[in-house]
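All values reported here derive from a predicted model rather than from experimental measurement.
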2 protein chains.
Amino acid sequence: MATIKDVAKHAGLSVTTVSRYLNHHPYITEEKKEKIKLAMKELDYSPNSAATQLRSNKSFTIGIIVSRITNPFFAYLIDSIEKVVKKTNYHTLIMQTYDNKDEELRLLNMLKQKHIDGIIMASIENDLSVIEQYEQYGPIVITGDISLSSSTLPVVGTNQENATYRAILYLIEKGYTDIAYCTGGEFKETKHGSSRNRGYIKALQDNNIPLNFDRIYKNIHTINDGEEIAKSILNLDKEKWPRAIFAGSDEVAAGMIKTFMQNEVNIPEEIAIMGYDNQPLSEMLSIPLSTVSQPIDKIGIETTNLLMSYLNEREYIVNKEALELDIIVRSST
Amino acid sequence: MATIKDVAKHAGLSVTTVSRYLNHHPYITEEKKEKIKLAMKELDYSPNSAATQLRSNKSFTIGIIVSRITNPFFAYLIDSIEKVVKKTNYHTLIMQTYDNKDEELRLLNMLKQKHIDGIIMASIENDLSVIEQYEQYGPIVITGDISLSSSTLPVVGTNQENATYRAILYLIEKGYTDIAYCTGGEFKETKHGSSRNRGYIKALQDNNIPLNFDRIYKNIHTINDGEEIAKSILNLDKEKWPRAIFAGSDEVAAGMIKTFMQNEVNIPEEIAIMGYDNQPLSEMLSIPLSTVSQPIDKIGIETTNLLMSYLNEREYIVNKEALELDIIVRSST
DNA sequence: TTGAAAGCGCTAACAG
DNA sequence: CTGTTAGCGCTTTCAA
């Protein structure tokens, strides 16, 4: 491959001038610009990105951490982020943790190695205190729930406690009181639990419904997890069934609906199901799904703008109004 | 940030020795290894990846080109590829073209800039002759249909002409003769058209069914495209409806089913619909979808192994048996 | 408006 | 087994 030196020689100029041309500096005569352009074309020149990075100490790459790209929520979020990034001179590096702590650390380390200039974290495995350690190597923006804001890290968050509260309240007002609950994480009845858990607990409390731990399903993520839960419910005597299930994600809800349908259970008459995310598939299921919609696109845009503002040392005020969650009612509840 | 020089100084050794340690060379005493390890820890050292790349002339990154990450087919393919890559010392760079030629060229250029060492192309916009130009800068492996093999580029392909032929044949044998057809690209009645197009044309020919261009829908990709087609059919007099639609993807099929259901059209009695990809959602739709299943996981594994073999100058024989497509019959046909 | 030269952090001859 | 040193391709003073 031709280098900047070759171009300079070919054009009868110094590397400095060629470098200036490359970086759109002023003070180059049109005549020399033409010469350089020609030399570059003739030598099929492309700047070596490693050299540029080494010298400028910037990679012009931002990392996006998600747990898994096959989750449509993350796929759409990435898509939204990329569309913003594409307008800048930055690239995007997508990184999956598969819910693994060490994998997340490996990715955070890329910041230290200057492989990436900044990070958007859409999923979080390690303690915030651990993640904060990496902030010294470059800006990190978290996107998810506003309750993560307790840390020093900037957060573009939605109010999932409130959304979950409203979703459960809706179910209660519909007449369902025995409401099962799925979470992607753990479930501890403390103030420090996940925000969605808090919304669930509070909605029950406010309506004098006792919390029943037999109704809590933990570490639930996939379609398959949903199928398993449905199966376990089918194994119960009918009078022991919950009357409604808050699935935590549309995928989990889809898995449940599939299994219940196969076993000729009527939804919502025999059991109601509520999803989360309002993915495209949710309105196409055999039983269109009631769910919580997240403004993925806007979340992506606000998060990226915020990170870019740190990278460019500018100010950016996040438009919080854009980040409201909605309860979408369809026929599964 | 600490550099290798700082570590060397701190450990009372030369940079060479530290570099050797970093690269797992033999001939270093345990004692010095310990010293280096300690110095690295104390200085919070991480090698600068740009410097390593510049010096070694390798980025240890492979690019994956897809048209859009929100298409679950690509999301799952990427997932499969990443799982293989993760076992090596390479990273992955995911690149979306959004079906845009120039964008694709921009990405191919990253090979020239040494930003990536090799590319897996899961979607193709430019002519193969254009893409071949970039092979000189690093290995490019194409994954898709075997008919792409006409080029000099290595291809890990499935036989989509045959799968489409079998799918259309299945519809014909079911009694449907007026079969509409959607393609993501163009439709020209030539030998050089896309392989799926050829499968469709051949199946009709072999059964003496005339080709009707009014039944061909071009550049169809998304759920929304499916909805639009369904709407346009609903606008036709009922006797002018096609009896079946080969949708080209499960997403398009899902969009159609949604719209037809909303308009109380019975599927498959009034119109049959066939998808492509066998995505998880296909068995969960209100009308479970007949479709063509692709062994995404195996495609990803074989493609990655092949690219890696070029990168490491080894031999690799693709397991073609693993790449068979199947017709999945559910209730939409 | 242009060029010479130093050096970013690392690796790999080469010499010992 | 270890160290000296010359670059990899580029940007950026500094001087002209």
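Note on A/Lys32: a side-chain N or O is less than 4.0 Å away from OP1 or OP2 of C/dT2. The phosphate of C/dG3 (OP1 or OP2) has a side-chain N or O of A/Thr17 nearer than 4.0 angstrom.
Ion pair B/Lys83/B/Asp297 not flagged as a salt bridge, since none of the NZ, NE, NH1 or NH2 atoms sits closer than 4.0 Å to an Asp/Glu carboxylate oxygen. Salt bridge annotation for A/Lys101-A/Glu104: absent, with no cationic side-chain nitrogen under 4.0 angstrom from a carboxylate oxygen.
Separating the CG atom of A/Leu13 from the P atom of C/dA4 is a distance of 11 Å, rounded to the nearest angstrom. If you measure from atom OH of A/Tyr21 to atom P of D/dC10, you get 15 Å, rounded to the nearest angstrom. One interatomic measurement links the two molecules: CD of A/Gln53 to C1' of D/dC8, which rounds to 14 Å at whole-angstrom precision. One atom, NZ of B/Lys58, and another, C1' of D/dC8, lie 16 Å apart when rounded to the nearest Å. When rounded to the nearest whole Å, the span between NE2 of B/His115 and C1' of D/dC8 equals 18 Å. One can place NZ of A/Lys114 at 21 Å from P of D/dC10, the figure rounded to the nearest angstrom. Straight-line distance from the CD1 atom of A/Ile28 to the P atom of C/dG3: 10 Å, rounded to whole Å. Following rounding to the nearest Å, B/Lys35 (NZ) and D/dG3 (C1') show an atom-to-atom distance of 14 Å.
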Tell me, for nucleotides 7-14 of chain C in 5' to 3' order, what letter each nucleotide earns: B for a base near a protein heavy atom under 4.0 Å, S for only sugar-phosphate near one, - for neither? BBBBBBBB
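No more than 12 heavy atoms of other residues, nucleotides or ligands lie within 6.0 Å of CD in A/Glu313, so this atom counts as exposed by the packing criterion. The 12-atom threshold is exceeded at NZ of A/Lys58, counting heavy atoms of other residues, nucleotides or ligands nearer than 6.0 Å. By the neighbour-count criterion of 12 heavy atoms within 6.0 Å, atom NZ of B/Lys5 is sparsely surrounded, having that number or fewer from other residues, nucleotides or ligands.
Between the side chains of A/Ser129 and A/Asp127, no donor-acceptor pair of N or O atoms lies under 3.5 Å.
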